Amino acid sequence: MTGACGGDGLSTVEFRGFGWRHAGRKAWAVRHLDLRIEHGERVLLAGASGAGKSTLLAALAGLLAEDSGEQEGEVLIDGRPARQARAETGIVFQDPQTQLVMSRAGDDVAFGLENRAVPRDEIWPRVDAALNAVGFPYDRDRNTAALSGGEAQRLAIAGVIALRPGLLLLDEPTANLDPDGAQLVRTAIAKVIQDLDATLLLVEHRVDEALPLVDRTITLGADADAVWTPGAALPSRRAVTAPGEALLSAESLWLPHNDKTVHEVVLQGQALAVEGPNGAGKTTLALLLGGLTKPARGRVTATPTLAGRDAARPPHRWRASRLAARIGSVFQNPEHQFVTDTVQAELALSGAEPATVDTLLERLRLHHLARANPFTLSGGEQRRLSVATALAAAPQVLILDEPTFGQDLRTWRELVTLLADLRDEGRALVLVTHDAQLVEAIADRRLKLTR
């Protein structure tokens, strides 16, 4: 089989005594793993956040560099080391931005085909078919820098399925998608693996959404409380008191994605959920409210309770230290806000007391990773660290973009409880999310954006 043809060879996967430890870490990400997946199987990898699921996919894709950690055992695809089978393997990462390499959407999908020496007259029909399969909402010329997180996710998936790989590795492929987009992508995945007779390894925390795509489930680790299963009990935390005063106001705030304006207030002691399809401007609104972007039109104002001595200035003109102490932001891509080389140092950067740092590490299940490099954490662990860094400065307003991304059932419950506690203590929360269960659990009010 070749990467250009796909699907016409074997793609049997074997882990023989496999283990991997990231450089500088004492604990192994995964160890003593013996596993065989036959050609054509569709397998769901489940397990707790940090159990090693993403590590297994990276190993199969041949992406674990020898100088970035220590390996035990073997990872084989059709009897060959995984690094020798890269041409037959396609992977979609948790963060789609890491896969986009070209400035135009069509060129990005075509990039992999050109590298695989696909005949020129086949490239663009395959590009168009892949973009159509995932419901990409723009033409080939769309600037990739202008895509929302969910749109970038669809483009990354299109780039992989256009290659027609024999082994398809998907790391939470629908996590940043709106419900309609997620269903469209799942349908596209099902068609691709059927047409190609491909082997599928899918990482998802929410088992019920993935079950129609797979033949069997493999759970890493033995923590049953961490696995999402159909009908799992979820918390419901309504606000215990009426909301307080407005801390932030958006007046005629323009969102370029849909050429619409927003009028909204952020109230003390209230959780506001911002919902809407990919590309509606949710992340843009979060950046504007957080004082991280200057409005092109309209304005964001803070009341004296929040702004203090800066009451005459909009948030985007505050000094960085004052902004972080008043409005905490959690970005859609957590690694974009890490600047130090350890988890503990990341939290201490805000000036938080050591006791506060220890409390956050414990509360967000990061205590055992205090000395780890933030960039070696799993996606779910990185998300919890990004929440912790925003909390470390004890801001009155928290703006969180997809705060529950990458969480297993246990850490999802704990994160929801933490956010609800903060709301009930009088903090204002703005939750940008596609997670309907998060909205149901703690949102007091909803703002729905449209494209």
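Not measured: the values here are computed from a predicted model. Throughout, numbering of the chain's residues begins at 1 and tracks the sequence.
- Under 4.0 Å is where a charged nitrogen must lie from a carboxylate oxygen, and between E14 and R16 at least one such pair does.
- Figure legend: cation-pi geometry between R31 and W20 absent, as NZ or CZ is not positioned both under 6.0 Å from the six-membered ring centre and within 45° of its axis.
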- Go through the steps to decide whether D108 and T144 satisfy the test side-chain hydrogen bond (donor to acceptor under 3.5 Å, both in side chains), and finish with yes or no. CA-CA 8 Å; D108 200 85; T144 56; 5.6 Å; no
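- Within a 6.0 Å radius of CZ in R451, other residues, nucleotides and ligands contribute more than 12 heavy atoms.
- With 3.5 Å as the limit, one finds no donor-acceptor pair spanning the side chains of R365 and T411.
- The number of heavy atoms from other shown groups lying within 6.0 Å of CZ (R299) does not exceed 12.
- In this structure, R42 has no salt bridge (Lys or Arg N to Asp or Glu O under 4.0 Å) partners at least two apart in sequence or on a different chain.
- A salt bridge links D128 to R140: at least one charged side-chain nitrogen sits closer than 4.0 Å to a carboxylate oxygen.
- Residues passing the salt bridge (Lys or Arg N to Asp or Glu O under 4.0 Å) test with K191, sequence neighbours excluded: D195.
- Within 6.0 Å of atom CZ in R216, more than 12 heavy atoms from other residues, nucleotides or ligands are found, so the atom counts as buried in its surroundings.
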- Query: R154 and D178: salt bridge (charged side-chain N to carboxylate O under 4.0 Å, His left out), yes or no, with the steps?
  - Reply: CA-CA 11 Å; R154 292 195 202 187; D178 59 65; 3.7 Å; yes
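- Exactly one residue among L415, V387, L391, L418 makes a side chain to side chain contact (heavy atoms under 4.5 Å, CB included) with R363. That residue is L418.
- Salt bridge R36/E41: absent, no basic N to carboxylate O contact under 4.0 Å.
- Not counting sequence neighbours, the partners of Q84 by the side chain to side chain contact (heavy atoms under 4.5 Å, CB included) test are R80, P81.
- Heavy-atom neighbours of Q71 CD from other residues, nucleotides or ligands within 6.0 Å: above the threshold of 12.
- Looking at D435, its side chain does come within 3.5 Å of a backbone N or O of Q437 through a donor-acceptor pair.
- By the neighbour-count criterion of 12 heavy atoms within 6.0 Å, atom CD of E70 is densely surrounded, having more than that number from other residues, nucleotides or ligands.
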